[in-house]
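One structure below.
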Amino acid sequence: MENLTYYYPRRKEPALLNVNLEIDTGEFVLITGPSGGGKSTLCRCFNALIPNFYGGRISGRVTVMGKDVAASSTSELSQHVGMVFQNPEDQITRMSVEAEMAFGLENLGVERNEISRRIKEVAEILRISDLLKRPVETLSSGQQQKVAIGSVLVMRPQILVLDEPTSELDPKSAKDLIDLIARLNTELGITVIIVEHRLNFILDKVDRVVIIKGGRVSMDGSPQEVLRSGEVAQLGVSLPRAVQLYHMLAEMGLRLQDVPLSVEDLEVELRGALRWAR
Ligand SMILES: Nc1ncnc2c1ncn2[C@@H]1O[C@H](COP(=O)(O)OP(=O)(O)O)[C@@H](O)[C@H]1O
Ligand SMILES: [Mg+2]
């Protein structure tokens, strides 16, 4: 994204302002920030839902896999960029899991055998092979969200964009889903861009954290770099307890070497710091 600025129709304030973001193949990028900051808007630009579907005024440039998004259709881009949204019900329309996963490929005119092959392969990766015949509406939210991911993975996208995919899930299912997404990144090499505001399960897995606030990129760096800054504590994102404690200790004058991402990390950091103090 180069100097990307975007206004929704009839809006005086831009939803995105001068966004510059370069994401490499294979990166696992967490996008977070306060509500209303522009995260979902940003996601909609990767497959040209903005401006094709939402209208409004856009300036600057979005390039995906070397293609200028402005010159591509959303269906063409869906072969490169898979989109998964917050609410699984929004994207699940058909009856069985199998039929749901076949839908996009049928629209592209992919041959029957090839469709079956890809569904089987993706179902194994997602561990939902036993659910293929089940009506989607009988599944749990966590399972439905896996089906939503399956429906885009059968298209073999190089890039997966997920907008708060765990927000409807209980903590256990959320953690499972994040672990699964991390595997898609490490084992299949898929570039993952994920929006989350619950950061507990994900900070130790991502390569990079981008904070979007007021339509701008307000921070962009490794988890360590971003979390070390005091700014992150003021953003209204829910930080892991260990990170909150790091900032509390820093205010009290105890600056730990690294930002702990888990309680186990915190223990290691504290033991190190106490050894120094003696
Ligand atoms: N469909 C829409 N039409 C008009 N304004 C919108 C629409 N969607 C979001 N906005 C506005 O754009 C800004 C960014 O919203 P959004 O991208 O949804 O933020 P986030 O996902 O970070 O919560 C907000 O001011 C919001 O009100
Ligand atoms: Mg949003």
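Residue indices begin at 1 and follow the sequence shown. Note that ligands are numbered from 1 as they come in the structure, with each ligand's atoms numbered from 1 the same way. Just so it is clear, the model here is predicted, and its values are computed rather than measured.
- Listed by number with element, the atoms of ligand 1 under 4.0 Å from a non-hydrogen atom of Ser35 are 23 (O).
- Under 4.0 Å from ligand 1, the heavy atoms of Arg11 that appear belong solely to its side chain.
- Listed by chain and number, the residues in a ring-ring contact (aromatic ring centres under 6.0 Å, His included) with Tyr6 are Tyr8 (sequence neighbours excluded).
- Within the 4.5 Å cutoff, the side chain of Val152 has no heavy atoms near those of the Met83 side chain.
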Donor-acceptor pairs are to be reported for all side-chain atoms of residues 23-34 against protein atoms at under 3.5 Å, with residues two or more places apart or in another chain.
from  : atom 1 : to     : atom 2 : distance (Å)
Glu27 : OE1    : Asp24  : N      : 2.8
Glu27 : OE1    : Arg208 : NH1    : 3.0
Glu27 : OE2    : Arg208 : NH1    : 3.4
Thr32 : OG1    : Glu196 : O      : 2.7

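- Every atom of ligand 1 is numbered from 1 in the order shown, and the set under 4.0 Å from a heavy atom of Ala15 is 12 (O).
- Protein N, O or S atom count below 2.8 Å of the Mg ion (ligand 2): the structure gives 1.
- Met101 and Leu108 fall within a single hydrophobic cluster, where Ile, Leu, Val, Met, Phe, Trp and Tyr side chains are chained together by heavy-atom contacts under 4.5 Å.
- Side-chain contact check for Ile178 versus Ile194: some heavy-atom pair is nearer than 4.5 Å.
- Screening Glu2, Met1, Lys67 for a side-chain contact (heavy atoms from CB on, under 4.5 Å) involving Val62 leaves a single residue, Met1.
- Atoms of ligand 1 found under 4.0 Å from any heavy atom of Thr41 (numbered from 1 in listed order, with element): 14 (C), 15 (O), 16 (P), 17 (O).
- For atom 12 (O) of ligand 1, the closest non-hydrogen atom of the protein is Tyr8 CE1, 3.4 Å.
- Between Ser40 and ligand 1, a contact under 3.5 Å exists for at least one N or O pair.
- By the side chain to side chain contact (heavy atoms under 4.5 Å, CB included) test, Ala174 is found to be paired with Thr166, Leu169, Arg198, Phe201, residues two or more places apart in sequence or in another chain being considered.
- Without hydrogens or angle criteria, Gln145 side chain to Phe85 main chain gives a donor-acceptor distance under 3.5 Å.
- No donor-acceptor distance shorter than 3.5 angstrom exists from the side chain of Arg44 to the backbone of Ile50, with no hydrogens or angles considered.
- Near Pro34, with a cut-off below 4.0 Å to any heavy atom, the atoms of ligand 1 are 22 (O).
- Atoms of ligand 1 lying under 4.0 Å from at least one heavy atom of Lys39, given by number and element, are 17 (O), 19 (O), 20 (P), 21 (O), 22 (O), 23 (O).
- Listed by number with element, the atoms of ligand 1 under 4.0 Å from a non-hydrogen atom of Tyr54 are 1 (N).
- Panel note: side chain Gln144, backbone Val136; a donor-acceptor pair is recorded below 3.5 Å.
- Taking every heavy atom of Gly37 and a limit of under 4.0 angstrom, the matching atoms of ligand 1 come to 19 (O), 20 (P), 22 (O).
- Heavy-atom distances between Arg44 and ligand 1 reach below 4.0 Å in at least one pair.
- Ligand 1 has an N or O atom lying under 3.5 Å from an N or O atom of Gly36, backbone or side chain.
- Between the Ser229 side chain and the Glu225 main chain, no donor and acceptor come within less than 3.5 Å of each other.
- Gly33 does not count as a contact of ligand 1, since none of its heavy atoms falls under 4.0 Å from the ligand.
- At a heavy-atom cutoff of 4.0 Å, ligand 1 is contacted by no atom of Lys213, backbone or side chain.
- Of the protein's non-hydrogen atoms, the one nearest atom 19 (O) of ligand 1 is Gly38 N, 3.0 Å.
- Other residues, nucleotides and ligands contribute only 12 or fewer heavy atoms inside 6.0 Å of the CD atom of Glu251.
- Remark: side-chain polar atoms of Glu137 are not paired, donor with acceptor, to backbone N or O of Met95 under 3.5 angstrom.
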